[in-house]
Amino acid sequence: MRLEALARAAIADALARLSFPAPSGEIPLERPEKAEYGDISSRIAFLLAKELRRPPQEIAQDLAVAVSHPDIAAAEAVGGFLNLQVRPEALRRILREVIAEGERYGEWDLGGGKPFQVEFVSSNPTGPLTVGHGRQAALGDALANLFSALGWDVTREYYLNDEGRQIELLARSLWVRYRQALGEDVSVPEQGYHGDYLVPIGKELAWEWGNRYPEWTPEAAEVFRRVAVERMMAMIHEDLAAIGVSFDVWSREGDLHRRGLVREVFESLREKGAVYEKDGAYWMRSTAYGLARDPVLIRSDGTPTYLMVDIAYHVDKYRRGFARVVDVQGADHIEEQQQVKLALRILGYPEDFLHYCVHQFVTLKGREGIERMSTRKGRFLRLKDLIDELGRDVVRYFMVRRKPEAHLVFDMELAKKTSMENPVYYVQYAHTRIASIFREAEKNGELPRDFGTRHASWVAEMDLSPLADPDELTLIKELDRFPDVVRKAAESYGPHLLCEYLEELAGIFHPYYNRVRVLGQGKATPARLALLHALRTVLRKGLSLLGVSAPEVM
RNA sequence: GCGCCCGUAGCUCAGCAGGAUAGAGCAGCGGCUUCCUAAGCCGCAGGUCGGAGGUUCGAGUCCUCCCGGGCGUACCA
């Protein structure tokens, strides 16, 4: 039984003993920051104060006296809080459970295997991925991992917008580069894509095709559109490979049109009375539902807007059977999101179907000139270049270390450091140190046979009684928290919580490592190895949820 | 103007769905290495939680207003 379950049982029992009413919800529990407040504490007395018409401290006092549980060593009332101290044996039993669960420790069965989609990156094929997309890639992938750990059947999806005006501009810009390579004096259109990345492609095409497309004709447009998208997709695939993210489904805007879904969804909205006509275009009546403005759904030339397609796309997601969908998007899409959510509400889809994980932008500290990035203006740092310089692990870790809704200042100086000042190495090095101890133990013959197996007998027979050092018990309490951290990180769309947890775990381990020897300590050695084995498993699991490696050697 | 987000130590940020004396890392200062990797460890110092009201036994956390910053406010995506 884990710590919280144990505490709840003890408190529930004390409540019953005193004939106090049970609280309406769960018994509240928290992990006190200070050791003097015990291992786990509850503010239950504050909740009962009103009903019992007595001061919290008195109630807590009564509860402290009434608590009688074999695993609770002491109960104390302080300032209305009920602080519980757990017996070391109970903590060692928890460690046993952690080890028994092995690699699965930290996972839940909350999703029931239901289909869950994370849509992320979905960058238009108009250029390589920038460091901004990197945040989205790292975030989306971590969320996908987290929801898998919660027991959902997760699909990673990339929505590919390969039509429309932006692609037109891209094709035109590439054509200009092609003409320039042939010596012609033309320039990229004002609204076009000015990045250098089109230059070498233009040269290649000039070399390959010669003067085949001297004018910007519909035929040329068609060809350059196709080639441009192809080449951009190739770059994006390279970037995704660099950061180590792969998608299960690539959906294309064009498919939605071909299947007639856009038209159909538009008609449904019209039937609901949510659409009106003005200036030859069709508008959604969003202001009637409290939004700031009415957006156009169908332009006066009869083509649907991006929003209209996006609404249809989400209807499609629902029909494809996803129980829940999370879109990871930048803060510049907030209005869009409100409009899509409204449309789905009007169409009668469940409120909790679609969620957005909105993130703010990334700025690089220590690089001049690219504070504010723009693919179109060609002012950006390519994600792949950053990864080549710093390594995948550093980039991924830094990208998810801050809560998504806050701006991320990417500290190049810190990221470049290979010392443990760099938080990702600090965590990874904890894992490496443990791996090193195990290598040494094996060499010395100090590693018990079958160590680390999940055989029930092995787990049950371990003698953990030598684990009595305060740091050892603290480590067990921290390991006990892990599943809750995983759950919270997923449900609040906040992988940074996992970073924080891992850094805290490493922060307890490193001093312990420095102070306490593991090998050559008689009976303490196998017990400490057992603790480190569990710690290593959790570090590895936590890092892997973030898409970061757990190296054996550094 | 309106919508969303952010404002916590010199810097970068946490703060567990309202709880205990507000935490961490970096930078600063002082100490530690015959030993499983010093890519380290220990200690010190550092704060009107942007401001003002309000709700509450209790507010960094919730509400209102104000100030500062970001993003959006397209028949672009």
Side-chain angles (χ1 to χ4, degrees), chain A residues 28 30-34 36-37 41 43 46 49-50 55-56 78-81 83 122-124 126 161 163-167 169 191 253 278-283 290-293 295-307 309-310 330-338 358-361 363 365 372 376 401-411 413-414 417-423 425-426 428-429 432-441 443-444 446 481 484-485 488 492 496-497 499-501 503-504 507 510-520 525 532 553-554:
Chain A
E30 47 239 33
R31 313 283 180 137
E33 316 90 67
K34 296 205 181 334
E36 58 188 282
Y37 295 147
S41 74
R43 54 188 162 84
F46 292 97
K50 193 169 277 180
V78 180
F81 286 86
N83 298 337
S122 297
S123 166
N124 293 339
T126 54
N161 217 273
E163 333 206 321
R165 179 169 304 180
Q166 295 307 315
I167 299 299
L169 281 163
Q191 295 295 307
E253 179 185 354
K278 193 183 84 182
D279 303 333
Y282 290 94
W283 306 67
L291 293 193
R293 70 179 190 99
V296 169
L297 295 176
I298 307 286
R299 301 184 187 97
S300 48
D301 67 2
T303 59
T305 58
Y306 176 83
L307 172 65
V309 181
D310 203 16
D332 51 339
H333 286 261
I334 288 172
E335 202 222 346
E336 166 86 7
Q337 294 163 8
Q338 294 173 338
V358 181
H359 72 268
Q360 291 287 345
F361 299 105
T363 50
K365 194 173 93 183
R372 189 178 290 173
R376 202 178 340 211
R401 193 157 176 254
R402 298 294 175 226
K403 61 180 165 192
E405 64 269 33
H407 288 267
L408 174 65
V409 177
F410 197 105
D411 186 342
E413 289 309 308
L414 185 61
K417 284 187 182 165
T418 52
S419 68
M420 281 163 71
E421 287 164 38
N422 187 330
Y425 294 133
Y426 190 73
Q428 285 184 318
Y429 195 45
T432 306
R433 277 184 153 168
I434 296 171
S436 168
I437 292 173
F438 273 89
R439 276 194 301 275
E440 201 67 22
K443 222 188 294 169
N444 299 347
E446 287 195 81
R481 266 179 64 206
D484 301 318
V485 174
K488 176 91 186 178
S492 67
H496 69 288
L497 296 174
C499 296
E500 196 180 51
Y501 169 77
E503 286 169 38
E504 200 175 320
H510 286 303
Y512 170 74
Y513 170 89
N514 208 258
R515 185 172 58 79
V516 177
R517 265 194 81 75
V518 174
L519 302 180
T525 291
L532 294 197
V553 198
M554 281 174 82

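Lettering of chains follows the sequences in order, A, B, ..., and the numbering in each one begins at 1.
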| task | Assign Gln360(A) to base, sugar-phosphate, or nothing according to its heavy-atom contacts below 4.0 angstrom with the strands shown. | result |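 Since a base atom lies under 4.0 Å of Gln360(A), the category is base.
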| Using a cut-off of 4.0 Å on non-hydrogen atoms, how would the nucleic acid contact of Val518(A) be classed: base, sugar-phosphate, or nothing? |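 Touches a base.
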With respect to the phosphate group of [N], does any side-chain polar atom (N or O) of [X] fall under 4.0 Å of OP1 or OP2?
X         : N       : answer
Lys403(A) : rG15(B) : yes
His496(A) : rG15(B) : yes
Lys34(A)  : rG23(B) : yes

| CE-CD distance between Met554(A) and Gln428(A), expressed to the nearest 0.5 angstrom |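 It is 5.0 Å, given to the nearest 0.5 Å.
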| message | Just verifying a value: how many Å separate Arg433(A) CZ and Asn514(A) CG, rounded to the nearest 0.5 Å? | response |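 It is 6.5 Å, given to the nearest 0.5 Å.
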Separation of [N] [atom2] from [X] [atom1] (nearest whole Å):
X         : N       : atom1 : atom2 : value
His510(A) : rC41(B) : NE2   : P     : 6 Å
Glu421(A) : rC41(B) : CD    : P     : 10 Å
Tyr512(A) : rG40(B) : OH    : C1'   : 17 Å

| task | Using heavy atoms to find the nearest nucleotide of RNA chain B for Val358(A) and Tyr429(A) separately, return the residue whose nucleotide is more 5′. | result |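 With Val358(A) and Tyr429(A) compared, the 5'-side residue is Val358(A).
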| Closest-nucleotide 5' rank along RNA chain B - winner of Leu414(A) and Leu497(A) |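 Whichever sits nearer the 5' end wins; that is Leu497(A).
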| In dot-bracket notation, what is the pairing pattern of RNA chain B, taking Watson-Crick (N1-N3 plus N6-O4 or O6-N4) and G-U wobble (N1-O2 and O6-N3) contacts under 3.5 Å, with [ ] crossing and | for other strands? | (((((((..((((.....[...)))).(((((.......))))).....(((((..]....))))))))))))....
| said: Using the side chain to side chain contact (heavy atoms under 4.5 Å, CB included) criterion, which residues pair with Asn124(A)? Sequence neighbours excluded. | reply: Thr126(A), Asn161(A)
| remark: B/S/- along nucleotides 72-77 of chain B (protein heavy atoms under 4.0 Å) is SSSBBB
| task | Check the pair His510(A) / Tyr426(A) against side-chain contact (heavy atoms from CB on, under 4.5 Å), numbers first and verdict last. | result | CA-CA 9 Å; His510(A) 286 303; Tyr426(A) 190 73; 3.4 Å; yes
| message | Does Val518(A) form a side-chain contact (heavy atoms from CB on, under 4.5 Å) with Glu440(A)? I'd like the steps, not just the answer. | response | CA-CA 10 Å; Val518(A) 174; Glu440(A) 201 67 22; over 6 Å; no
